[in-house]
Number of protein chains: 2
Amino acid sequence: MADRPLRADARRNRERVLEAARELFAASGIAVPLDEIAARAGVGPGTVYRHFPTKEALFEAVTTARLHDLVEFARARAAADDPAAAFDEFLDRLTEEAAAKRDLPEAFTAVGMDGLAPAREELFAVLTVLVRRAQEVGAVRAEIRASDLLALLKGMLQAAGESPDPTVLDRIAVVLRDGLRPPAPQRINLSTDTPGGRAP
Amino acid sequence: MADRPLRADARRNRERVLEAARELFAASGIAVPLDEIAARAGVGPGTVYRHFPTKEALFEAVTTARLHDLVEFARARAAADDPAAAFDEFLDRLTEEAAAKRDLPEAFTAVGMDGLAPAREELFAVLTVLVRRAQEVGAVRAEIRASDLLALLKGMLQAAGESPDPTVLDRIAVVLRDGLRPPAPQRINLSTDTPGGRAP
DNA sequence: GAACATACGGAACGCTCGCCCCGGTTAGCA
DNA sequence: TGCTAACCGGGGCGAGCGTTCCGTATGTTC
């Protein structure tokens with residue numbers, strides 16, 4: 001019961017399992033069989049279960065770390081001087097992440113994974129700030145909420161993850177970025193007289 | 001072997017199965033157990049298999065019809081006088097569809113369902129025309145391809161389908177719509193001198 | 001180097017779910 | 001109304017996967 005230091009091989013195997021889980025979860029999502037993770041780590045299924053009580057726990061262990069990194073990144077941006085740039089940087093980060101991280105969108109809305117709830121709430125909270133500040137300087141349309149952003153990002157990550165063409169992600173990201181901006185080009189001083197306007 | 005008319009009860013049960021499959025696939029996607037569909041239809045699992053050789057075949061039967069409707073709708077719009085409005089109408093249609101149709105995004109990119117391939121190719125072809133014509137009048141940004149649009153729509157449908165809040169869909173749809181438009185308000189005749197242009 | 005605790009591997013269990021089969025029933029027709 | 005063929009229901013089989021258990025191997029300590 002006391003937290004005696006793990007035996008050397010146990011420690012090594014635990015790391016191998018985590019490494020294999022990171023790779024396979026990122027590649028195929030939580031659907032990957034646990035036996036495959038064990039095989040990739042060079043251990044038996046039993047060994048995985050001695051370190052993690054359940055498959056979900058392993059997924060949580062891998063994903064919580066990833067979410068936490070994302071939260072840290074967002075938190076730093078939430079206090080930045082330029083909220084518009086901060087918001088853009090967050091989108092950039094997520095776009096990079098989406099390259100081959102199929103587990104991230106699953107982590108956003110995994111049901112029944114109570115272990116992930118704190119990290120998700122943290123992310124939600126910091127996203128709320130990030131969005132609000134970007135809205136205050138007119139960089140993001142006013143009606144958007146953090147939940148909308150999360151849904152949008154999740155959809156983007158999933159859609160991009162399934163597409164064989166990696167350049168799809170770039171164009172999707174551009175669409176999201178521009179779509180999130182307020183409709184009229186109201187940035188700074190400019191006096192266009194675009195007819196047929198839809199905004200007042 | 002000859003296509004003798006089905007017995008009355010067989011015909012009725014087949015319709016019931018299709019109806020139940022439509023509802024349950026739309027609500028929960030292809031993950032719904034076949035026994036549930038059978039139970040909802042008031043028949044045994046064996047009856048389902050007498051009408052459809054496999055679960056995938058049942059899914060294809062339900063989804064092909066849905067995709068075909070969508071293709072018909074898009075085909076009519078692809079020849080419309082106002083390509084910009086036609087494109088918008090297609091987005092509207094898909095937004096409505098997303099209300100509670102969890103099977104549609106799965107139909108877009110279901111792997112190994114060869115029965116759906118023709119419908120998917122039809123959809124892709126007509127979307128290509130729809131996008132190109134909208135681009136010709138400056139209603140859609142030039143770099144977008146039909147595959148990008150499909151990925152975006154799939155993401156939107158999935159994100160909206162999983163969210164408990166139905167109003168999320170509205171805001172997501174607006175973001176997509178505006179994001180798909182060309183960045184600068186370059187509608188028709190106007191002589192802007194936008195520096196740092198990305199198009200010739 | 002020996003003894004002990006700890007960890008390992010993989011066979012085995014139970015559960016879910018797609019799919020098949022057989023005894024009973026019902027529809028259609030003479 | 002009665003016969004026959006088609007159809008129905010649900011129990012059952014097998015595969016895949018998460019999880020557990022136990023005999024064996026290995027690191028650690030004296």
Side-chain angles (χ1 to χ4, degrees), chain A residues 1-21 24-25 27-63 102-103 106 110-116, chain B residues 1-21 24-25 27-63 102-103 106 110-116:
Chain A
M1 294 304 166
D3 46 352
R4 159 143 71 213
L6 263 60
R7 235 171 66 177
D9 55 345
R11 178 160 207 64
R12 196 180 54 227
N13 277 334
R14 187 191 156 88
E15 277 315 308
R16 281 188 187 168
V17 167
L18 274 174
E19 175 68 17
L24 291 182
F25 279 146
S28 311
I30 201 177
V32 66
L34 190 135
D35 290 23
E36 242 172 73
I37 298 177
R40 159 89 84 142
V43 303
T47 300
V48 177
Y49 279 94
R50 196 157 309 96
H51 291 293
F52 303 94
T54 179
K55 183 190 177 185
E56 282 192 357
L58 175 59
F59 185 79
E60 286 176 10
V62 166
T63 316
R102 202 155 176 180
D103 51 347
E106 285 173 344
V111 290
M113 294 213 189
D114 298 344
L116 281 183
Chain B
M1 295 303 162
D3 46 354
R4 159 146 68 211
L6 262 60
R7 231 170 69 174
D9 53 346
R11 180 162 208 60
R12 196 179 54 228
N13 277 334
R14 185 191 156 90
E15 276 316 308
R16 282 188 187 169
V17 167
L18 274 173
E19 175 67 17
L24 292 182
F25 280 147
S28 311
I30 200 176
V32 67
L34 190 134
D35 289 24
E36 242 171 74
I37 297 177
R40 159 89 86 143
V43 303
T47 303
V48 176
Y49 280 95
R50 196 156 311 98
H51 291 293
F52 303 94
T54 180
K55 184 188 176 185
E56 282 191 358
L58 176 58
F59 185 81
E60 286 177 10
V62 166
T63 316
R102 202 156 176 179
D103 51 347
E106 285 172 343
V111 291
M113 294 215 190
D114 298 344
L116 281 183

Under-4.0 Å side-chain N/O to phosphate OP1/OP2 contact, A:H51 with C:dC8: yes
Between B:I30 and A:G42, whichever has its closest DNA chain C nucleotide further toward 5' is A:G42
Whole-Å distance between D:dT19 C1' and A:E56 CD? 13 Å
Specify the separation, in whole Å, of atom NZ of B:K55 and atom C1' of C:dC17. 8 Å
Within the structure, does a side-chain N or O atom of B:T54 lie under 4.0 Å from either OP1 or OP2 of C:dG18? no
Between CG of A:D9 and P of C:dA7 the distance, given in whole Å, is 8 Å
How close or far is atom P of C:dC20 from atom CZ of B:F52, stated in whole angstroms? 15 Å
Among D:dG27, D:dA6, D:dC17, the nucleotide that comes nearest once only the side chain of B:R7 is considered: D:dA6
Of the listed nucleotides (C:dC19, D:dT19, D:dT28), which one gets closest to any side-chain atom of A:L34? D:dT19
What's the spacing between B:L18 CG and B:F25 CZ if we round to 0.5 Å? 10.0 Å
If you compare every side-chain N and O of A:Y49 against the phosphate oxygens of D:dT20 (OP1, OP2), does one of them come in below 4.0 Å? no
Rounded to whole angstroms, how far apart are CZ on B:R14 and P on D:dA6? 18 Å
Could you tell me if the side chain of A:V43 sits less than 4.5 Å from the side chain of A:H51, heavy atoms only? no
Given atom CG of B:L6 and atom P of D:dA5, what is their separation to the nearest angstrom? 18 Å
Please find the pair of heavy atoms, one from A:V48 and one from A:A38, that lie closest to each other, and give the distance. CG2-CB, 3.8 Å
Testing D:dC7, D:dT20, C:dA7 for proximity to the side chain of B:R50, the answer is D:dC7
Interatomic distance where CG belongs to B:D35 and P belongs to C:dC17 [whole Å]: 8 Å
Side-chain atoms of B:P45 come closest, of C:dA7, D:dG10, D:dC7, to D:dG10
State whether B:T47 places a side-chain N or O below 4.0 Å from either non-bridging phosphate oxygen (OP1 or OP2) of D:dC7. no
For the residue pair A:K55 and A:L58, establish whether any side-chain heavy-atom pair is separated by less than 4.5 Å. no
Search all heavy atoms of A:A20 against all heavy atoms of A:I37 and return the closest pair with its distance. CB-O, 3.7 Å
What is the distance, to the nearest angstrom, from the CG atom on A:N13 to the C1' atom on C:dA7? 8 Å
